[in-house]
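When reading the values below, keep in mind they use all heavy atoms of this one structure, side chains included, and skip hydrogens, waters and symmetry mates.
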Amino acid sequence: MTNALRNEISPYLLQHADNPVDWLPWGEEAFARARAEDKPLLLSVGYAACHWCHVMAHESFEDGETAALVNERFVSVKVDREERPDVDALYMQAALALTGQGGWPLTVFLTPAGEPFYAGTYFPPEPRHGLPSFAQVLLAVADAYRDQRDEVARTAGELTEMIASSGTLAAGDEELGPELLDEAVGALSRSFDTAHGGFGGAPKFPPASALEFLLRMHLQGDPRALPRVEDTLDAMAQGGMWDLVGGGFHRYSVDERWLVPHFEKMLYDNALLALAYLHAHVVTGEERHRRIVELTLDYALRELRLEGGAFAASQDADTEGVEGLTFTWTEEELRVAGVPRPELLHPFEHGRSVLRGELSGKERARLLEARSTRPQPARDDKALASWNGLLLQALAEAGWRVGRDDWLAAAVELAEFLLGPLSRADGGLERAWRNGETRGPGFLDDYANVARGLLELHVATGDLRWLEEALRLARLAVERFADGERGGFFLAPVDGERLVARTKELDDHPLPSGNAMLAEVLLRLGRIYGDAELEERAFGVLRIVGGAFARVPGSFAHGLCALDLALATPRELALVGPRDVPLARTALAGFDPNAVVAFSRGRDDERAQAVPLLAGKDLVDGQSALYVCERFACQAPVTAL
């Protein structure tokens with residue numbers, strides 16, 4: 001059987017195109033059919049690299065008997081959470097409210113009006129571990145919808161009202177002061193795993209934004225910060241969650257030791273962690289951190305880069321239906337590859353092991369060559385604007401800091417792609433691209449992350465175009481996503497599809513929230529362009545989060561970075577002259593995350609003169625010049641440091 005998913009571009013949806021379940025993509029056709037047939041909707045949300053999504057698909061959605069039950073009692077809708085983060089966010093809140101747990105696959109039952117009334121995640125084919133079988137759930141939900149319609153309507157209405165309330169949070173009146181930063185460091189310190197690094201216990205997710213925040217606090221003299229950053233970075237880099245052979249990070253560790261991973265590799269994790277290791281290298285000078293940056297970004301360029309310069313979303317956890325098959329080893333495989341070191345092996349499953357320890361460059365090359373002959377995990381080869389924006393920032397900053405011209409060239413090509421094939425005719429962004437087709441429109445995180453990447457590309461190249469494009473996208477984001485009444489920004493654009501509720505995402509999950517990232521972008525642009533309104537929009541985000549920064553800092557870590565920027569004394573660097581001169585390299589060499597930077601060729605550069613920070617600034621006696629300013633009050637320019 002081939003269902004209606006065959007015309008989609010998402011690899012995840014296409015994985016289900018041959019299911020006996022009569023799947024429909026998200027859209028009005030599904031809701032119209034549900035109304036006409038008076039059936040509830042079964043909404044299944046996942047993503048291509050998700051191991052448990054594959055498990056549930058094999059156990060239930062590929063099973064003829066289960067599919068017949070689904071088709072008889074429900075209208076079924078399959079959604080790629082990466083294409084539709086608004087749908088995912090909306091109904092994930094329902095699952096969390098009903099069960100206290102979230103995750104993927106997300107399984108939600110809706111009324112024909114789109115209101116959720118029952119939800120869960122993975123359901124097994126037979127009852128186990130306290131979970132009912134999927135067939136039991138299907139029958140119970142269908143019977144409740146038929147026989148207890150009033151109760152279903154009441155539950156659906158209450159859930160929808162609760163979800164909608166998250167979009168009506170308004171800015172509080174509590175003071176946003178530096179004590180919030182100090183309290184946040186204290187809270188992170190209390191949850192720190194002193195034995196294994198990271199925060200909390202198993203499962204353990206890479207805390208990139210929390211590490212970035214702690215590096216900022218180290219600059220302010222907090223003695224608690226740097227040791228926790230280095231302990232975590234070193235623990236993650238031992239191997240297991242870190243791919244010792246091919247570079248790059250798997251999604252997370254199922255244990256507290258960073259040893260046994262869920263094997264999918266996500267573009268966003270690798271972008272964020274490359275930046276965290278890069279900044280740790282800049283702060284400490286330690287080459288071991290730089291090595292992780294190089295291996296991570298080289299992995300992305302080798303295995304995720306698409307034709308045209310964008311990057312694929314992920315690599316699968318499974319190979320030929322077996323989790324981790326490509327990435328795990330036996331003693332015999334190590335011996336045949338010319339690396340007879342059984343001490344590297346740590347047991348996983350099916351007689352196979354993950355690797356942990358130190359490899360020489362020669363050993364790594366031998367193992368990678370051997371591994372490349374194996375079947376490889378599937379790649380989700382759609383390009384997402386949001387995730388590519390994060391990688392743009394990493395490639396651009398690491399390119400100039402590490403001196404890798406190939407990374408800078410890749411960053412420029414990626415930016416051209418984001419502003420070309422991944423952009424709309426009206427100048428806005430698309431959400432996703434694959435094989436020349438797009439799905440859109442872009443969401444808040446698309447605009448925020450791409451704008452942040454473009455800001456970093458301006459710093460890396462000195463090309464004013466990237467600064468101008470960052471400003472254009474940021475202003476479009478304000479226009480399309482801002483909540484003018486309560487502050488902050490909605491996830492979906494004002495002219496996007498109307499769901500049963502319009503949500504705001506304020507917490508990191510695990511990407512920096514679109515609100516936090518846009519707040520950072522608006523603060524930076526506000527200080528470069530002297531635009532108080534942009535800065536005030538950023539403060540609107542921070543005021544909504546308020547005291548939660550200190551109470552649950554791990555959930556708002558990128559917001560804490562933005563808060564640190566907001567509270568910092570403004571420091572603006574105007575550089576006049578070529579980018580690649582000793583003055584510019586020296587001025588930017590340190591880790592100064594609260595400085596904003598803009599480049600000009602000189603007083604004759606008309607476009608630069610339109611940037612308030614650069615207006616009137618020129619070369620000095622024909623030499624490159626650095627102007628250090630505070631709210632546009634500038635010290636005398638210098639030509640050498």
Thr296 side chain to Asn270 side chain, donor-acceptor N/O pair below 3.5 angstrom: no
Shortest non-hydrogen separation from Ala587 to Leu575 and the atoms involved: CB-CD2, 4.4 Å
Side-chain H-bond candidate by donor/acceptor type, Glu497 with Trp26, under 3.5 Å: yes
Asp80 with Arg431: basic N within carboxylate O range, under 4.0 Å: no
Test ring-ring contact (aromatic ring centres under 6.0 Å, His included) applied to Tyr447 and Phe489, Phe481, Phe490, the passing residue: Phe481
Pair Arg472 + Glu469, salt bridge at N-O below 4.0 Å: yes
Atom pairs and distances, donor-acceptor, side-chain atoms in residues 616-623, under 3.5 Å, two or more places apart:
{"residue": "Lys617", "atom": "NZ", "partner": "Leu613", "partner atom": "O", "Å": "2.8"}
{"residue": "Asp618", "atom": "OD1", "partner": "Arg603", "partner atom": "N", "Å": "3.1"}

Side-chain donor-acceptor pair present, Asp507, Ser555, cut-off under 3.5 Å: no
Between Glu468 and His458, a side-chain donor and acceptor under 3.5 Å: no
Nearest-0.5 Å distance, CH2 of residue Trp466 to CD of residue Glu456: 14.0 Å
From Leu614 atom CG to Leu464 atom CG, the distance as rounded to the nearest 0.5 Å: 7.0 Å
Donor-acceptor under 3.5 Å (Arg81 side chain, Asp88 main chain): no
Counterpart residues, side-chain contact (heavy atoms from CB on, under 4.5 Å), relative to Ala97 (two or more places apart): Leu159, Met162
